[in-house]
A.B. asks: 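Structure below; questions to follow.
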Protein chains: 2
Amino acid sequence: MELVWDLPEPAGRSGGPTLSRERIVRAALEIADADGTAAVTMRRVATALGSSTPMSLYRYVGGKDGIHDLMLDAVYAEIDLPAEPSGDWRADLTLLARNGRRALRRHRWFAALSHHRPTFGPNALRHNEWALRALDGHGLDPATAMSIVGMVFGYAVSYAQGEAEESRMRDSIGVRTDAELRDSAREYVDRIVADPRYPLLSRWITEAAPVDPDAQFALGLDCLLDGIAGRVLADAG
Amino acid sequence: MELVWDLPEPAGRSGGPTLSRERIVRAALEIADADGTAAVTMRRVATALGSSTPMSLYRYVGGKDGIHDLMLDAVYAEIDLPAEPSGDWRADLTLLARNGRRALRRHRWFAALSHHRPTFGPNALRHNEWALRALDGHGLDPATAMSIVGMVFGYAVSYAQGEAEESRMRDSIGVRTDAELRDSAREYVDRIVADPRYPLLSRWITEAAPVDPDAQFALGLDCLLDGIAGRVLADAG
DNA sequence: AAGCCATCGTGTACGTTGTACACGCCATGT
DNA sequence: ACATGGCGTGTACAACGTACACGATGGCTT
């Protein structure tokens with residue numbers, strides 16, 4: 001497994017808008033946000049940067065996987081967190097999850113990419129260090145603390161991924177309202193509703209009361225933190 | 001978005017081991033389990049089935065995405081659940097999560113694939129219907145029930161994905177013991193441990209006490225269910 | 001029992017992808 | 001001013017997904 005973080009970053013030429021890792025990853029982010037990860041090809045990134053050949057990029061990022069690593073780490077960089085946790089672990093982890101979700105909503109491809117590559121970038125490390133710091137001082141052994149961090153961030157990723165899938169379905173058809181979405185998906189959905197084996201799923205589909213996604217996210221997060229507070233951090237408040 | 005479930009399944013010729021969706025997806029599963037999703041190419045699946053050309057498959061699965069859909073649904077089919085939930089929602093969701101994780105450990109590519117395609121297969125539907133049934137009768141509105149199901153299964157997927165990543169790293173180098181793993185990753189890891197910005201991460205790396213993954217999984221799940229019990233299902237037991 | 005036809009398996013071919021390799025060119029240090 | 005190390009480039013190739021048109025072969029009709 002070859003990681004970008006092992007390669008030295010080339011210097012770039014002085015004068016003029018030459019290449020750099022930052023310019024490359026910025027272009028890749030724009031393409032992925034607009035057209036999905038599949039659209040992030042070496043050639044397209046290169047031409048977006050005014051380079052006539054994909055090979056220019058290889059000096060900077062080593063290959064396609066390198067671009068992916070940098071993209072993932074750029075998302076971690078967008079999760080803004082105060083310099084130091086507040087000392088209230090619950091408030092801190094809530095902030096982490098909320099801002100994490102916000103960043104992941106901007107970059108709907110995050111979950112899919114993150115499962116192809118390990119995340120060892122500097123911003124991911126900083127992110128995890130901050131989270132561990134929020135939990136420090138309660139006598140948890142490191143493995144347990146890390147496990148809690150994983151659960152909370154995993155929840156944020158999972159939730160954001162659900163939202164991303166729905167939103168991607170939505171604008172893959174070019175619809176706006178819920179009614180239009182249901183209309184275009186009628187061919188699949190009708191079969192499910194008509195099938196007597198799925199009464200509760202059908203009820204969920206047909207009775208879909210409009211939910212506030214922010215409130216739902218917060219509720220789920222509170223459930224998770226309640227459980228952690230009661231079962232793992234009971235004696236530490 | 002073109003789904004496999006819309007295409008009629010061809011009949012196959014009588015006599016002799018001809019093609020079928022089941023044979024195709026079985027071959028794809030074997031390849032993916034052994035060599036990862038990237039190794040699941042049309043040509044390789046075709047030759048694994050004795051077919052001399054990849055084009056044979058198109059009649060059965062419509063294209064690559066169709067194979068992916070079928071693979072995902074096959075994993076759902078492997079999550080064995082009793083015909084009916086027991087009536088104890090907590091025990092039922094625990095069973096769902098535990099057996100889900102077990103299936104996902106056999107197929108480490110599940111999470112990565114599932115984020116590329118929506119899951120509308122019959123086994124996924126059956127799975128979700130069962131989960132909703134486990135929560136039925138407590139007066140939850142459908143959206144909340146679905147959200148709980150998503151949280152619980154999302155936790156299982158997320159946890160299994162973490163395990164999968166570690167295990168994949170492990171056998172991408174061909175190591176067996178934890179010590180060997182740490183040795184081969186020393187180049188990256190040493191830089192992290194040496195960096196003064198990551199004291200708690202370093203502590204986690206160096207002090208990694210051997211944890212029981214089953215216990216850790218169960219603990220996290222219990223946290224989640226505790227919170228759900230207290231905050232959403234408080235009055236229903 | 002014989003023939004028709006829908007349907008399945010196949011071969012060929014094309015556009016696109018990631019990337020190995022070798023070559024010019026420029027900025028920089030002496 | 002000159003040499004040099006590093007950067008941008010062009011060419012090329014293997015492998016991928018899949019469109020299309022063609023033979024073969026089974027099952028149904030008569």
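Heavy atoms only: backbone and side chains are in, while hydrogens, waters and symmetry mates are out.
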A.B. asks: Kindly indicate whether a cation-pi arrangement holds for B/R126 with A/Y198, taking the cut-offs as under 6.0 Å to the six-membered ring centre and within 45° of the axis.
C.D. replies: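 Ring-cation test returns no.
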A.B. asks: Could you tell me whether the side chain of A/W109 and the main chain of A/D35 form a donor-acceptor pair under 3.5 Å?
C.D. replies: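 No.
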A.B. asks: Write down the distance between CZ (A/R44) and P (C/dT17), rounded to a whole number of angstrom.
C.D. replies: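 From A/R44 CZ to C/dT17 P: 10 Å.
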A.B. asks: Whole angstrom is fine here: how far is it from CD1 in A/I24 over to C1' in D/dC7?
C.D. replies: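 These atoms are roughly 12 Å apart.
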A.B. asks: Between A/H107 and A/E78, is the side-chain hydrogen bond (donor to acceptor under 3.5 Å, both in side chains) condition met? List the steps.
C.D. replies: CA-CA 10 Å; A/H107 308 295; A/E78 282 186 22; 2.9 Å; yes
A.B. asks: Pull out every stem in DNA chain D, meaning runs of 3 or more consecutive Watson-Crick or G-U wobble pairs with both distances under 3.5 Å.
C.D. replies: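 Result, WC/G-U stems under 3.5 Å: C:2-7 with D:24-29, C:9-30 with D:1-22.
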A.B. asks: Where is the tightest heavy-atom contact between B/L201 and A/L125, given as atom of each residue plus distance?
C.D. replies: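 Where B/L201 meets A/L125 most closely, the heavy atoms are CD1-O, 3.3 Å.
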A.B. asks: Does A/N123 use its side chain to pair, donor to acceptor, with the backbone of A/A74 at less than 3.5 Å?
C.D. replies: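 No; judged by distance alone, with no hydrogens or angles, the pair does not exist.
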A.B. asks: Between B/E129 (side chain) and A/L200 (backbone), is there a donor-acceptor pair under 3.5 Å?
C.D. replies: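 Such a contact is found between B/E129 side chain and A/L200 backbone.
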A.B. asks: Kindly confirm or rule out a cation-pi arrangement of A/R101 over A/F217, judged by NZ or CZ under 6.0 Å from the six-membered ring centre and within 45° of its axis?
C.D. replies: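 So A/R101 does make the cation-pi contact.
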A.B. asks: Are any protein N/O atoms closer than 3.5 Å to N/O atoms in nucleotides 5-8 of chain C? If there are, list each pair with its distance.
C.D. replies:
{"from": "C/dT7", "atom 1": "O2", "to": "B/R13", "atom 2": "NH2", "distance (Å)": "3.2"}
{"from": "C/dC8", "atom 1": "OP1", "to": "B/A11", "atom 2": "N", "distance (Å)": "3.0"}
{"from": "C/dC8", "atom 1": "O4'", "to": "B/R13", "atom 2": "NH2", "distance (Å)": "3.0"}
{"from": "C/dC8", "atom 1": "O2", "to": "B/R13", "atom 2": "NH2", "distance (Å)": "3.4"}

A.B. asks: Give every pair of a protein N or O atom and an N or O atom of nucleotides 17-20 of chain D that lie under 3.5 Å apart, one pair per line with the distance.
C.D. replies:
{"from": "D/dG17", "atom 1": "OP1", "to": "B/K64", "atom 2": "NZ", "distance (Å)": "2.8"}
{"from": "D/dG17", "atom 1": "OP2", "to": "B/M42", "atom 2": "N", "distance (Å)": "3.0"}
{"from": "D/dG17", "atom 1": "N7", "to": "B/R43", "atom 2": "NH2", "distance (Å)": "2.6"}
{"from": "D/dG17", "atom 1": "O6", "to": "B/R43", "atom 2": "NH2", "distance (Å)": "3.0"}
{"from": "D/dT18", "atom 1": "OP2", "to": "B/Y58", "atom 2": "OH", "distance (Å)": "3.0"}
{"from": "D/dT18", "atom 1": "OP2", "to": "B/K64", "atom 2": "N", "distance (Å)": "2.9"}
{"from": "D/dT18", "atom 1": "O5'", "to": "B/Y58", "atom 2": "OH", "distance (Å)": "3.4"}

A.B. asks: Separation of B/R23 atom CZ from C/dG9 atom C1', in whole Å?
C.D. replies: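 Rounded to the whole Å, the gap is 13 Å.
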A.B. asks: Would you mind classifying the nucleic acid contact of A/T53 as base, sugar-phosphate or nothing, using non-hydrogen atoms under 4.0 angstrom?
C.D. replies: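 Here A/T53 touches the bases of the nucleic acid.
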A.B. asks: Just to be sure I understand the rule, does A/S52 reach a base, reach only the sugar-phosphate, or reach nothing, if contact means heavy atoms closer than 4.0 Å?
C.D. replies: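 The answer is sugar-phosphate, as A/S52 gets under 4.0 Å only of primed atoms, P, OP1 or OP2.
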A.B. asks: How many angstroms lie between atom NZ of A/K64 and atom CG of A/D69, to the nearest 0.5 angstrom?
C.D. replies: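 The NZ atom of A/K64 sits 12.5 Å away from the CG atom of A/D69.
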A.B. asks: Are any side-chain N or O atoms of B/Y76 and backbone N or O atoms of B/P122, one a donor and one an acceptor, separated by less than 3.5 Å?
C.D. replies: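 No, because the side chain of B/Y76 does not come within donor-acceptor range (under 3.5 Å) of the backbone of B/P122.
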A.B. asks: Any donor and acceptor pair, going by atom type alone, linking the side chain of A/R203 with main-chain N or O of B/P142 inside 3.5 Å?
C.D. replies: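 Absent.
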A.B. asks: Checking salt bridge (charged side-chain N to carboxylate O under 4.0 Å, His left out) against B/E163, which of B/R106, B/R168, B/R105 comes through?
C.D. replies: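 Considering B/R106, B/R168, B/R105, a salt bridge (charged side-chain N to carboxylate O under 4.0 Å, His left out) with B/E163 is found only for B/R105.
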A.B. asks: Give a yes/no on whether any side-chain N or O of A/S56 is located under 4.0 angstrom from OP1 or OP2 of D/dC7.
C.D. replies: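 Looking at the OP1 and OP2 atoms of D/dC7, neither is under 4.0 Å from any side-chain N or O of A/S56.
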